[in-house]
Amino acid sequence: MPRVAILSRHAELYSTRRLLDAVAAVGAEPVLIQPERCLLLLDEMQAHLYYGSALVAPCAAVIPRVGGPITHLGSRLLRYFAGAGSRCLNTAESLELSRDKFASLQALVTAGVAVPKTAYFTQMEQRDLAISVLGTPLVHKLLHGSQGVGVHLADTPMVARGMLDTFLHLQHEAMAQRFLGGRQDFRVLVLFGEVIAAMRREASTKDFRSNLHCGGRARALPDLPEEWAAIARRSVAALGLGFAGVDIMLDKDHSPLVLEVNPVPSLEGIERVTGQDIAGRLVKALLDEIPFPSPRPPP
């Protein structure tokens with residue numbers, strides 16, 4: 001029976017529970033690993049992983065459900081598992097790249113994917129230039145935020161200057177983006193190069209963010225345009241991800257732009273609105289990707 005590890009801080013989260021159940025449903029052994037309970041050990045040319053006080057047995061596959069605050073810890077665990085022969089749904093390198101909002105946009109642009117006009121800078125002297133180039137309203141984003149946290153809207157140049165001054169003072173860098181003005185965007189799930197689900201998200205009347213965690217509403221998008229599907233596939237491939245959610249928004253000319261790519265998209269909202277068993281499909285596809293022979297045991 002293959003062992004499939006789910007890296008997640010919280011067993012009670014919807015996505016974590018669904019994945020654990022999906023692993024069990026296909027006859028594999030689900031293993032919950034809470035990253036902060038792990039100890040990584042390097043001993044000369046050998047690597048070991050302890051969970052609590054016990055050595056972790058070999059796992060055939062690993063599904064990272066690692067939140068932004070522990071991205072680096074999650075990537076170190078993924079490097080261990082990859083070195084031990086496990087098939088990781090997303091690699092350490094792809095997780096770290098996609099979690100950096102500006103670096104990931106750089107990779108998308110290099111791959112020919114259109115993104116909103118975005119500025120990154122570290123000096124106060126560049127603040128007014130950024131505002132001039134982007135115009136207002138503009139949005140400031142934390143480089144490593146998620147679920148809409150760390151996204152702030154500035155309606156006027158005066159508000160933008162104050163907002164950017166604050167972030168430059170606190171974190172010595174700023175990322176600002178032209179506000180596209182719409183109240184809806186589109187989340188597209190891609191699994192191993194195939195679009196498997198999509199939904200339309202709309203912001204509530206009390207917020208400009210469409211994230212479901214911020215009160216946004218969603219409905220299924222069964223008729224996703226092929227152009228958008230191709231953009232989503234290209235975006236995920238550019239970041240080297242096996243599974244991700246691609247957020248697309250339309251500009252004033254109705255051209256699709258990629259806002260960001262989420263390497264750990266929530267399953268709850270999209271399973272609810274589409275009625276699809278995303279967790280089950282993900283687990284089956286991942287197990288189909290496992291090479292043989294099975295992962296080698298630790299030395």
Hydrophobic clustering (ILVMFWY, side-chain heavy atoms < 4.5 Å, transitive) - are Val188 and Leu221 grouped together? yes
How many angstroms lie between atom OG of Ser255 and atom CG of Leu250, to the nearest 0.5 angstrom? 8.0 Å
Any donor-acceptor pair under 3.5 Å linking the side chain of Ser86 with the backbone of Val62? no
Side-chain heavy-atom pair Ile196, Ile278 within 4.5 angstrom cut-off: yes
Intermediate values then yes/no, side chain to side chain contact (heavy atoms under 4.5 Å, CB included), Leu241 and Val261: CA-CA 10 Å; Leu241 294 161; Val261 180; 3.7 Å; yes
Please tell me whether Leu129 and Tyr120 are part of a single hydrophobic cluster in this structure, the criterion being side-chain heavy atoms less than 4.5 Å apart. no
Could you give the distance from CZ (Phe81) to SG (Cys59), rounded to the nearest 0.5 Å? 5.0 Å
Give the cluster check for Val4 versus Phe192: same hydrophobic cluster or not, with ILVMFWY residues linked at side-chain heavy-atom distances below 4.5 Å. yes
Minimum heavy-atom distance Pro116-Val258, with the two atoms named: CD-O, 3.3 Å
Strictly distance-based, threshold 3.5 Å: is any side-chain N or O of Tyr51 a donor or acceptor partner for the main-chain N or O of Gln34? yes
Verdict with reasoning, Asp185 to Arg200, per salt bridge (Lys or Arg N to Asp or Glu O under 4.0 Å): CA-CA 6 Å; Asp185 66 8; Arg200 182 194 308 267; over 6 Å; no
Evaluate the ring-ring contact (aromatic ring centres under 6.0 Å, His included) criterion for residues Phe167 and His172: first the C-alpha distance (whole Å), next the side-chain angles of each, then the deciding distance (0.1 Å), finally the verdict. CA-CA 7 Å; Phe167 285 104; His172 310 295; over 10 Å; no
Do the non-hydrogen side-chain atoms of Tyr50 and Val56 ever get within less than 4.5 Å of each other? no
Trace of the side chain to side chain contact (heavy atoms under 4.5 Å, CB included) decision for Arg217 with Arg219: CA-CA 7 Å; Arg217 297 171 295 177; Arg219 62 181 186 270; over 6 Å; no
With a 4.0 Å cut-off on N to O distance, would you call Glu93 and Arg79 a salt bridge? yes
If two hydrophobic side chains count as joined below 4.5 Å and joins carry through other members, does Leu153 share a cluster with Val159? no
Using a strict 4.0 Å threshold on nitrogen-to-oxygen distance, state whether Lys284 and Glu289 make a salt bridge. no
Point-to-point distance, once rounded to the nearest 0.5 Å, from CG of Leu257 to CD1 of Ile248: 9.5 Å
Salt bridge or not between Glu194 and Arg281? Use side-chain N to carboxylate O under 4.0 Å. yes
Given the rule in the side chain to side chain contact (heavy atoms under 4.5 Å, CB included) test, do Leu168 and Glu173 qualify, once you have shown the distances and angles that lead to the verdict? CA-CA 5 Å; Leu168 286 169; Glu173 63 179 354; 5.5 Å; no
So, Thr136 side chain and Leu138 main chain: donor-acceptor pair closer than 3.5 Å or not? no
Which distance, rounded to the nearest 0.5 Å, do you find between the OG1 of Thr122 and the CD of Gln171? 11.5 Å
Working for side chain to side chain contact (heavy atoms under 4.5 Å, CB included), residues Lys101 and Met175: CA-CA 9 Å; Lys101 291 186 184 296; Met175 173 178 159; 3.9 Å; yes
Side-chain donor/acceptor of Ser104 to backbone N/O of Asp100, under 3.5 Å: yes
Keeping Ser75 on the side-chain end and Leu73 on the backbone end, is there a donor-acceptor pair under 3.5 Å? no
For Glu12, is there any backbone N or O sitting under 3.5 Å from a side-chain donor or acceptor partner on Arg17? yes
Does atom CE of Met158 have more than 12 heavy-atom neighbours, drawn from other residues, nucleotides or ligands, at distances under 6.0 Å? no
Closest heavy-atom pair, Leu19 versus Arg65, reported as atoms and distance to 0.1 Å, is CD1-CD, 3.6 Å
Is the closest basic N to carboxylate O distance between Asp251 and Arg178 below 4.0 Å? no
Ignoring hydrogens, what is the shortest heavy-atom contact between Pro265 and Pro263? Give both atom names and the distance. CD-C, 3.4 Å
Could you walk me through whether Gln177 and Lys141 satisfy the side-chain hydrogen bond (donor to acceptor under 3.5 Å, both in side chains) test, starting with their C-alpha distance in whole Å, then the side-chain angles of each, then the deciding distance to 0.1 Å, before giving a yes or no? CA-CA 8 Å; Gln177 195 169 74; Lys141 294 184 176 182; 3.0 Å; yes
Ignoring hydrogens and geometry, is there a side-chain-to-backbone donor-acceptor pair from Glu271 to Ala279 under 3.5 Å? yes
Is Thr110 reaching over with its side chain to a backbone N or O of Gln106, donor-acceptor style, under 3.5 angstrom? yes
Could you check whether any side-chain N or O of Ser94 sits under 3.5 Å from a backbone N or O of Asn90, counting only pairs where one atom can act as donor and the other as acceptor? no
List the atom of Ser266, the atom of Arg187, and the distance in Å for their closest heavy-atom pair. N-NH1, 4.5 Å
Among the clusters formed by ILVMFWY side chains lying less than 4.5 Å apart, do Val246 and Val109 turn up in the same one? yes
Should the pair Arg18-Asp277 be classified as a salt bridge under the 4.0 Å nitrogen-to-oxygen rule? yes
What's the shortest heavy-atom distance between Gly27 and Met1, and which atoms? O-CG, 3.2 Å
Mind listing the closest non-hydrogen atom pair of Pro30 and Ala28 along with its distance? CD-O, 3.4 Å
Pairs involving residues 24-48, ordered by first then second residue, that meet salt bridge (Lys or Arg N to Asp or Glu O under 4.0 Å) (sequence neighbours left out): Arg3-Glu29, Arg9-Glu36
Interatomic distance, Leu282 atom CG to Leu191 atom CG [nearest 0.5 angstrom]: 5.0 Å
With rounding to the nearest 0.5 angstrom, report the CG to CD distance, Leu105 to Glu260. 8.0 Å
Could you list all the side chain to side chain donor-acceptor pair (under 3.5 Å) pairs where at least one residue sits in residues 155-167, not counting sequence neighbours? Arg127-Asp165
